[in-house]
Amino acid sequence: MTIQRPRGTRDFLPHDMTRRRYLEYQFRQVVSRWGYQEVVTPTFEHLELFTMKSGEGIVGELYNFTDKGNREMTLRPELTAPVMRMFVNEMQAFPRPLKLFYFENCFRYERPQKGRFREFWQFGVELIGSESPDADAEVIALAITMLKIAGIRCDLHVGYLGIIRHVLSSLNTEQQSKIMRLVDKKDDKGLDDYLEEIKAPINLRMQLLELISLTGKEALPKAYKLLGSIPELDTFQKILTLLDAYGINYTIDFGIARGLDYYTGMVFEVYAEGLGAQKQVCGGGSYKLIQLFGGGDVPSTGFGIGFDRIMEIYNIEPEPQNTVVIVTTDRTRLNAISIACKLREYVPVYLDIMNRNFKSQLSYANNIGARYALILGEREISEGLFTLKDMNSGRQESLTLNEIIVKLTGENK
RNA sequence: GCCGGGGUAGGGUAGUGGUUAUCCUGUGGCCCUGUGGAGGCUACGACCCGAGUUCGAGUCUCGGUCCCGGCCCCA
C-alpha cells in the first residue's frame with residue numbers, strides 16, 4: 001500500500017497553487033498599500049507561549065512534542081501569540097504604531113471537517129501601539145477590503161466587549177469569563193442557569209439579557225437607553241462612525257463575546273455563505289497580550305483570515321500566461337535551446353525533452369493547454385523566420401524572434 | 001473525544017460468496033519523418049490496511065485507517 005498523506009493535510013496541485021498564489025498576491029497588495037509590513041515567526045515555539053495565552057486546556061488541540069533537548073515544543077496553532085512574542089523580544093522600541101502582517105501555515109490537532117484542516121493557512125495583521133477607535137476601525141476596514149477584493153460576499157458583525165464587562169463589573173473575573181463564554185456560544189439556557197446559580201442581581205440579569213439580544217440599526221440607541229451614557233458606549237459609537245466613513249456595512253452584535261480575558265474592547269467576526277458549519281472566515285479584535293509575555297502595557301488590534309476557507313469560495317481565475325511550446329525536429333534541437341533561453345526571459349517555454357516526433361510535440365502543446373506552439377524546423381532556422389502557431393485559433397504566422405517577443409509580452413499587459 | 005455516510009487503476013465507475021474483476025476516461029508508444037484536438041491498435045494501471053467466518057471474500061463480521069458531513073472546540 002502506498003503512503004497516504006497525514007490526516008487533515010492537503011496536497012496542492014499546480015492549478016490549486018496558481019489560484020492560492022493569486023489570492024495571496026491580492027491580499028499582499030492590499031495590506032502593503034495600507035502600510036503593513038510582513039513578519040515571519042518560527043513554525044514551532046515553546047509550548048508555554050500558547051498555554052500562557054489560552055490555558056492548559058488547549059494542549060489537547062496542539063501538535064506538541066518534546067525535542068531532543070527535552071524542551072516542550074509545539075507547532076504553532078495561530079500567529080497572534082508568536083507575533084506578540086516577537087514584538088516583546090525585539091520590537092518594543094520601534095516607532096508606533098507598528099503595522100504588521102503575516103501569512104503562514106498553522107497546525108491544530110482537531111477533527112477535520114469542511115473548512116477545517118490540521119494544517120491550514122492564516123493571513124492576518126496586527127496593529128500594535130494604539131487603542132484608539134481609529135485603530136479598531138482601520139483594522140476592520142482593512143479586513144473587509146481584503147475580502148471584497150477576493151470577491152467574497154460576507155457579513156460583518158461588530159461588538160464591543162467593554163460594554164458587557166461594564167454590565168458584569170460587579171462580578172468576579174471568573175464569573176465574568178464564564179458568562180462571556182456562554183454568551184459567545186449563544187447558549188441561552190446555560191446562561192440562565194448560570195446566572196441563577198451565582199444568584200446574579202436581578203438588574204444585572206435584565207441588562208445582560210436585553211443587551212445581548214440587541215441587534216441591527218437600533219441597537220446602539222437602545223443600549224444607551226438601557227445602560228445610560230457610559231464611556232464604553234461612546235467609544236463603540238466612535239468606531240461605528242468611523243466605519244460609516246469607510247463606507248462599510250456592519251451588523252451590531254453584542255453577542256460576540258469571546259471568553260478569553262485578554263480581549264479588551266472591539267471584537268468582530270465575518271461570515272461567508274457556502275461553507276457549512278465553519279462559516280467564519282475572519283475574526284479579530286483588540287486585546288492586551290504583550291504584558292502577559294513580559295512586555296509593556298501596549299494595546300493592539302488584529303485579525304486573522306482563514307485563507308483556506310476563502311479558497312473554498314474563491315472563484316477568481318488568474319489570467320493564464322502565454323505559454324509557448326517549442327516544436328523541433330531532430331536536426332534543429334540544438335538551435336532550439338538558444339531560442340528557448342531567449343524566450344524564457346519573457347514567458348514560460350516548454351522544450352521537448354522526451355525525444356518526441358513533430359506531431360507528438362504539437363499534441364503535447366495541445367494537451368497542456370499551451371497558448372502557442374513555436375515551430376522550429378530546418379526551414380525556419382535557415383530563413384530566420386519562425387512559425388508561431390496560435391493553438392486556440394489554429395492560425396500561424398512567420399515572424400522574427402523579436403517580433404515574437406513583442407507579440408508575447410504585449411499581450412501579457 | 002463523539003455521531004452518521006463512505007473507500008474498486010491517476011479520475012469516474014460495474015460487480016450482493018464462485019474461473020483471468022467491468023466499462024469509460026487518462027497516460028506512454030505506434031498507425032503518422034513538418035502540423036494538435038478525432039479514430040484504430042497496444043502498453044500501463046485498482047479491490048484502503050489487518051484479522052476473522054468460509055472449500056472459496058471486492059462482496060459477510062470485527063478492529064484499524066483515511067475521506068466527506070456534523071457535534072465538541074474554535075486561541
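Note on naming: letters A, B, ... go to the chains in the order of the sequence lines (proteins, then strands), and numbering restarts at 1 for each one.
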When rounded to the nearest Å, what value does the distance between C1' atoms of B:rC49 and B:rU42 take?
-> 34 Å
Check the side chains of A:E119 and A:T9 for a donor-acceptor pair under 3.5 angstrom, ignoring hydrogens and angles.
-> no
A:E24/A:R28 ion pair, N-O < 4.0 Å | yes
Pick base, sugar-phosphate or nothing for A:R356, based on heavy-atom distances below 4.0 Å to the nucleic acid.
-> sugar-phosphate
Would you please say whether a donor-acceptor pair under 3.5 Å links the side chains of A:N366 and A:S363?
-> no
Side chains of A:I140 and A:V158: does their closest heavy-atom pair fall under 4.5 Å?
-> yes
Does any residue of residues 39-67 of chain A have a heavy atom under 4.0 Å from RNA chain B, and if so, which ones, in number order?
-> A:K53, A:S54, A:I58, A:E61, A:L62
Pairing partner of B:rG4, by Watson-Crick or G-U wobble and under 3.5 Å for both distances, is B:rC68
Could I get a table of every N or O pair under 3.5 Å where one atom is in the protein and the other is in nucleotides 44-47 of chain B?
none

Mapping A:T9 and A:E78 onto RNA chain B by nearest heavy atom, which one lands closer to the 5' end?
-> A:T9
For the residue pair A:V324 and A:P348, establish whether any side-chain heavy-atom pair is separated by less than 4.5 Å.
-> no
If pairing requires Watson-Crick or G-U wobble contacts with both distances under 3.5 Å, which nucleotide is the partner of B:rA57?
-> none
Sequence neighbours excluded, the answer for salt bridge (Lys or Arg N to Asp or Glu O under 4.0 Å) partners of A:D193 is A:K189
State whether A:F107 and A:R118 meet the cation-pi test: NZ (Lys) or CZ (Arg) under 6.0 Å from the six-membered ring centroid, and within 45° of the perpendicular axis.
-> no
Would you indicate whether A:E174, at its atom CD, is surrounded by more than 12 heavy atoms from other residues, nucleotides or ligands within a distance under 6.0 Å?
-> no
Span that lies between the C1' atom of B:rC24 and that of B:rU19, in whole angstrom | 25 Å
Go ahead and name the base partner of B:rC41; Watson-Crick or wobble counts if both distances stay under 3.5 Å, otherwise write none.
-> B:rG29
Distances under 3.5 Å between nitrogen or oxygen atoms of protein and nucleotides 68-70 of chain B:
residue : atom : partner : partner atom : Å
B:rC68  : N4   : A:R111  : NH2          : 3.3
B:rG69  : OP2  : A:K114  : N            : 2.8
B:rG70  : OP1  : A:A277  : N            : 2.7

Mind checking the C1' distance from B:rG10 to B:rG5? Whole angstroms is fine.
-> 25 Å
Regarding A:Y372 and A:K389, is there a side-chain donor-to-acceptor distance under 3.5 Å anywhere?
-> no
Quick check, are the ring centers of A:Y25 and A:Y22 under 6.0 angstrom apart?
-> yes
If we take the P atom in both B:rG63 and B:rG4, what is their distance in whole Å?
-> 12 Å
Phosphate oxygens OP1/OP2 of B:rC73: is one of them under 4.0 Å from a side-chain N or O of A:K185?
-> yes
Are the side chains of A:D155 and A:E269 in touch, meaning some heavy atoms are under 4.5 Å apart?
-> no
Hey, what are the protein-to-nucleotides 6-8 of chain B N/O distances that come in under 3.5 Å?
none

Report the C-alpha distance between A:F307 and A:F103 in whole Å, list the side-chain angles of each, state the deciding distance to 0.1 Å, and finish with yes or no for ring pair (Phe, Tyr, Trp, His ring centres under 6.0 Å).
-> CA-CA 9 Å; A:F307 192 85; A:F103 174 55; 4.6 Å; yes
Heavy atoms of other groups near A:E319 CD, more than 12 under 6.0 Å = no
Quick check: are there more than 12 heavy atoms from other residues, nucleotides or ligands sitting under 6.0 Å from CD1 of A:I368?
-> yes
Provide the distance between the two C1' atoms, one in B:rG69 and one in B:rA75, to the nearest whole Å.
-> 24 Å
Applying the 3.5 Å cut-off to both distances, the Watson-Crick or G-U partner of B:rC23 turns out to be B:rG12
Would you list the protein and nucleotides 34-39 of chain B atom pairs, both N or O, that sit under 3.5 Å from each other?
residue : atom : partner : partner atom : Å
B:rG34  : O6   : A:E378  : N            : 2.8
B:rG34  : O6   : A:R379  : N            : 3.0
B:rG34  : O6   : A:E380  : OE1          : 3.4
B:rG34  : N1   : A:E380  : OE1          : 2.8
B:rG34  : N1   : A:E380  : OE2          : 3.3
B:rG34  : N2   : A:R379  : NH2          : 3.2
B:rG34  : N2   : A:E380  : OE2          : 2.6
B:rU35  : O2   : A:K389  : NZ           : 3.0
B:rU35  : O2   : A:Q396  : OE1          : 3.3
B:rU35  : N3   : A:Q396  : OE1          : 3.1
B:rU35  : N3   : A:Q396  : NE2          : 3.1
B:rU35  : O4   : A:Q396  : NE2          : 2.9
B:rG36  : OP1  : A:K359  : NZ           : 3.0
B:rG36  : N1   : A:M391  : O            : 2.6
B:rG36  : N2   : A:N366  : OD1          : 2.6
B:rG36  : N2   : A:M391  : O            : 2.9
B:rG36  : N3   : A:N366  : OD1          : 3.0
B:rG37  : O4'  : A:N366  : ND2          : 3.0
B:rG37  : N3   : A:N366  : OD1          : 3.4

What is the nucleic acid contact for A:F120, judged by heavy atoms within less than 4.0 Å: base, sugar-phosphate only, or nothing?
-> nothing
Nearest whole angstrom, please: distance from the C1' of B:rC74 to the CG of A:D184.
-> 9 Å
Please confirm whether any donor atom in the side chain of A:R116 sits under 3.5 Å from an acceptor in the base of B:rC73, or the reverse.
-> yes
A:E45 and A:T74: side chain donor to acceptor below 3.5 Å = no
Separation between the C1' atoms of B:rA57 and B:rG18, rounded to whole Å = 10 Å
Counting heavy atoms not belonging to A:K99, are there more than 12 under 6.0 Å from its NZ?
-> yes
Taking atom types as modelled, is there a side-chain donor on A:Q396 or A:T387 under 3.5 Å from an acceptor on the other?
-> no
